[in-house]
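Protein chains get the first letters and strands the later ones, always in sequence-line order, with residue 1 at the start of each.
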Protein chains: 2
Amino acid sequence: MMTLSTFESKKNYHHGDLHEALLVAALEILEEGVDPKALTLREAARRAGVSAMAPYRHFADKDALLAGVAMIGFKRLAIALTAADSNPDPREALLGQGVAYVTFAGDNPALFRLMFGHASPDRSPELSETSFASYKILANRVASLVSPDRVGEWTLLCWTTVHGLAMLALDGRLTRNPDSPAVLAERLLRLLGIVTGAGLTPS
Amino acid sequence: MMTLSTFESKKNYHHGDLHEALLVAALEILEEGVDPKALTLREAARRAGVSAMAPYRHFADKDALLAGVAMIGFKRLAIALTAADSNPDPREALLGQGVAYVTFAGDNPALFRLMFGHASPDRSPELSETSFASYKILANRVASLVSPDRVGEWTLLCWTTVHGLAMLALDGRLTRNPDSPAVLAERLLRLLGIVTGAGLTPS
DNA sequence: CAGAGATGATGACATTGTCAACATTTGAGT
DNA sequence: ACTCAAATGTTGACAATGTCATCATCTCTG
């Protein structure tokens, strides 16, 4: 009866929406542990209630499913960063983004590890663009704090700081430090000086 | 004839030194690609010229072999950092350590990914200690540049910066930037201000 | 030189990603 | 309404992997 007029017509056939169901199942699996290796094509198919080969009608191979899951992860990350960026004080907003970044990683360890590490970015331009969106959210905020010709390096510095912190925290390499990763993120970003305005002064 | 008097007597039986041979084979495999998933117990055994089950006489399971390889990686990293720290100017020495860190990651992508990401640190206290050695090399250098009560946070800031940079570079997320990761490392560390002495001033 | 312990090999099993072939459902065009 | 091709899902199979149980062989000690 109702024909899906959009180009997104790969829905409602036998299963209903296997494409989506597989992504949901995969996310479920990732939420149950910290190891993305636990994410198995067959397990996702099992949870979706289909055979082991059914996913291949919707994803070229396992990596394609992984890329799809990573895409969802990047979208969620972008949403979290945007929400955290709402503080009227631009410096606090930047701080908030950093805290949100490591918090996201800590709340979704397996997904975060999948987003980076796995899922080669050049493999899918679409995924590459989606992940770049998060970068732009950060860059825009940094642009409100430093001179235009320094936005690039300051953005990269903020990014590497929170990303490195998130990764080290996930790997359990900060256990000697009593503070939570989120607390550490805030402290390190303040150390950067950008929040206190030091980054604004020309050297 | 010559008995190995030390506790390290698990050598020279049938194979000669399978323990070592497996580690070497594993490192070989890692040097051939960027994906640690290519490192297979059976492949390592194959290269060492033994059956698939032989490794189990020397390593409890695959993870134990991985931990052994990671241990070697951390030792090499510590050596690289120490060598890079030899510059008489303490600021340049710190800079050198940072560059050496991302260079090591770029030169040994699969090994670096294995060292972090895989190989849970709490699993083996021995591995945890070895990896901590690199941290101490960095912390000692930072200690020569900032006041004692700030060594901890400055060390962490430097570490997260280079680690985040290394990880993002390995994941191909810096391809939009024309500069090499090593160049970026130097620039970011200079941005930190610690190299120029800004980090020494009390806020 | 004999036996015990260390080391290695074989065979098997469950699991995984993926291929080929087959079956079923859906929608478009008559 | 009916047919047919395309879309979707299933079955069976294969090679590879980590690991278990068992058996074979080597080396050192008494």
To the nearest angstrom, how far is [X] atom [atom1] from [N] atom [atom2]?
X	N	atom1	atom2	result
A/D35	C/dT16	CG	P	14 Å
A/L66	C/dT16	CG	C1'	14 Å
B/R47	D/dT17	CZ	P	11 Å
A/L22	D/dT8	CG	C1'	12 Å
B/R46	C/dT10	CZ	C1'	16 Å
B/F59	C/dT7	CZ	P	12 Å
B/R57	D/dC26	CZ	P	15 Å
B/L18	C/dG8	CG	C1'	8 Å

Could you give the side-chain donor-acceptor pairs of residues 93-101 of chain B under 3.5 Å, partners two or more places apart or in another chain?
residue: B/Q97; atom: NE2; partner: B/D85; partner atom: OD1; Å: 2.8
residue: B/Q97; atom: NE2; partner: B/I137; partner atom: O; Å: 3.3
residue: B/Y101; atom: OH; partner: B/W159; partner atom: NE1; Å: 3.2
residue: B/Y101; atom: OH; partner: B/H163; partner atom: ND1; Å: 2.8

Bending between helix ends of the helix from C/dC1-D/dG30 to C/dT30-D/dA1 [5 pairs per end, 10° resolution]:
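Here the helix ends are tilted 0° relative to one another.
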Contacts table for residues 73-82 of chain A: side-chain donor-acceptor under 3.5 angstrom, sequence neighbours left out:
residue: A/T82; atom: OG1; partner: A/A78; partner atom: O; Å: 2.8

Apply salt bridge (Lys or Arg N to Asp or Glu O under 4.0 Å) to [X] and list each qualifying residue two or more places apart in sequence or on a separate chain.
X	answer
B/D35	none
B/D107	none
A/R57	none
B/E186	B/R190

Tabulated below should be each protein N or O lying under 3.5 Å from an N or O of nucleotides 18-21 of chain D; please produce it.
residue: D/dG18; atom: OP1; partner: B/L41; partner atom: N; Å: 3.1
residue: D/dG18; atom: OP1; partner: B/K62; partner atom: NZ; Å: 3.2
residue: D/dG18; atom: OP2; partner: B/L41; partner atom: N; Å: 3.2
residue: D/dG18; atom: OP2; partner: B/R42; partner atom: N; Å: 3.2
residue: D/dG18; atom: N7; partner: B/R42; partner atom: NH1; Å: 2.3
residue: D/dG18; atom: O6; partner: B/R42; partner atom: NH1; Å: 3.0
residue: D/dT19; atom: OP2; partner: B/Y56; partner atom: OH; Å: 2.7
residue: D/dT19; atom: OP2; partner: B/K62; partner atom: N; Å: 3.1
residue: D/dT19; atom: O5'; partner: B/Y56; partner atom: OH; Å: 3.2
residue: D/dT19; atom: O4; partner: B/R42; partner atom: NH1; Å: 3.2

What is the ring orientation for A/F112 with A/F116, classed by angle as parallel under 30°, tilted 30 to 60°, or perpendicular over 60°?
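Rings of A/F112 and A/F116: tilted, 30 to 60°.
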For B/A54, which contact category applies under a 4.0 Å heavy-atom criterion: base, sugar-phosphate, or nothing?
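Sugar-phosphate, no base atom in range.
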Phosphate-side-chain proximity, B/H58 and C/dA6, N/O vs OP1/OP2 below 4.0 Å:
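Indeed not, no polar side-chain atom of B/H58 lies that close.
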Quick check: do B/T160 and A/T160 have side-chain heavy atoms less than 4.5 Å from each other?
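Heavy-atom side-chain distance check fails, nothing below 4.5 Å.
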Can you sort out the partners of B/E126 under side chain to side chain contact (heavy atoms under 4.5 Å, CB included), two or more places apart, ordered by chain and number?
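By the side chain to side chain contact (heavy atoms under 4.5 Å, CB included) rule, B/E126 matches B/M71, B/S124.
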